[in-house]
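Read the structure below first, then the notes.
For the single chain, residues carry numbers from 1 onward in sequence order. Atom set for the values below is all heavy atoms of this structure, side chains included, hydrogens, waters and symmetry mates excluded.
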Amino acid sequence: MTAALALLRRDIALAFREGGAIGVALGFYLVVVAIAPFGLGPDMDLLARVAPGLLWIALLLAALLSADRIFHNDYEDGSLDVLAMGPLPLAAVAASKSLAHWVTTCVPLALLAPVLGLLLNFPIDAIPILVLAMLAGTPAVSFIAGIGASLTLGLRRSGLLLALLVLPLYVPVLIFGVSTISAAVTGPGSPWPPFLMLCAISLASMVLAPLAAAAALRNSFR
């Protein structure tokens with residue numbers, strides 16, 4: 001447990017020290033949402049209706065931009081081989097690195113969402129449920145991305161392949177994430193049933209995804 005926490009702190013510190021991937025993800029999120037009104041037109045009611053889906057889709061794509069770096073740097077400098085031979089189980093290593101991706105990429109994206117929502121005429125009184133849904137759903141985004149990053153580790157130009165592998169797995173997160181926010185904004189129905197499904201998807205991803213990522217990493221070491 002202590003080794004896993006030390007690895008998590010190291011990965012978070014390195015990510016914030018480099019800063020490039022986080023900045024690119026935040027900049028991409030800002031640009032995609034900011035240009036949407038130019039394509040959809042000045043209808044403020046329309047922008048408010050599409051805001052939940054647009055904010056979620058842009059967040060998923062922005063998070064993908066840094067997904068291939070979950071294992072890449074440690075693979076390049078040999079640290080991943082050392083970690084694989086160490087006492088910490090490889091699944092715990094994968095979980096730690098996916099969690100670091102969530103803290104350094106998905107949490108900042110979720111916290112930026114309310115500001116971008118104002119550009120889309122998103123109701124201010126629904127901002128708490130927007131942030132809550134994104135914080136609950138984005139762990140699944142990072143842990144599923146960990147599977148894709150491990151499967152494409154060491155491949156040249158792996159970004160497109162990673163997106164093709166991971167994006168279909170994001171569909172349940174997108175469906176229940178948008179349903180939670182839409183129910184809170186326009187109804188009908190309560191936002192809590194889809195929110196609980198979103199939490200269940202994240203919890204299942206946090207348990208199962210590291211096992212799948214560890215299996216893919218072992219295969220890449222052979």
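Across every non-hydrogen atom of Ala184 and Ile129, the tightest pair is CB-CG2, 3.5 Å. Between Leu46 and Leu40, the closest heavy-atom pair is CD2-O, 3.7 Å.
Looking at Ser205, its side chain never comes within 3.5 Å of a backbone N or O of Ala140 through a donor-acceptor pair. Panel note: side chain Tyr170, backbone Val141; a donor-acceptor pair is recorded below 3.5 Å. Panel note: side chain Tyr29, backbone Leu61; no donor-acceptor pair is recorded below 3.5 Å. Side chain of Ser202 to backbone of Ala136: a donor-acceptor contact under 3.5 angstrom is found.
You'll find the side chain of Pro37 reaches within 4.5 Å of the side chain of Leu120, heavy atoms only.
Linking Ile, Leu, Val, Met, Phe, Trp and Tyr whenever their side-chain heavy atoms come within less than 4.5 Å puts Met44 and Val50 in one cluster. A chain of hydrophobic side-chain contacts below 4.5 Å, direct or via other Ile, Leu, Val, Met, Phe, Trp or Tyr residues, connects Leu118 to Val131.
Residue pairs meeting the ring pair (Phe, Tyr, Trp, His ring centres under 6.0 Å) criterion with at least one member in residues 175-214, sequence neighbours excluded: Trp192-Phe195.
To the nearest 0.5 Å, atom CG of residue Leu109 and atom CG of residue Leu30 are 11.0 Å apart. Note that CD1 of Ile147 and OG1 of Thr152 are 11.5 Å apart. Values are rounded to the nearest 0.5 Å. Rounding to the nearest 0.5 angstrom, the gap separating the SG atom in Cys106 from the CG atom in Leu59 is 6.0 Å. The CG atom of Asn73 sits 8.0 Å away from atom CG of Leu14, with the distance rounded to the nearest 0.5 Å.
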For residues 82-99, run the donor-acceptor check on the side chains, cut-off 3.5 Å, and write out each pair with its distance to 0.1 Å, sequence neighbours left out.
unit_1: Ser96; atom_1: OG; unit_2: Leu8; atom_2: N; d: 3.2
unit_1: Lys97; atom_1: NZ; unit_2: Asp11; atom_2: OD1; d: 3.1
unit_1: Lys97; atom_1: NZ; unit_2: Asp11; atom_2: OD2; d: 3.1
unit_1: Lys97; atom_1: NZ; unit_2: Asp74; atom_2: OD2; d: 2.2
unit_1: Ser98; atom_1: OG; unit_2: Ala94; atom_2: O; d: 3.0

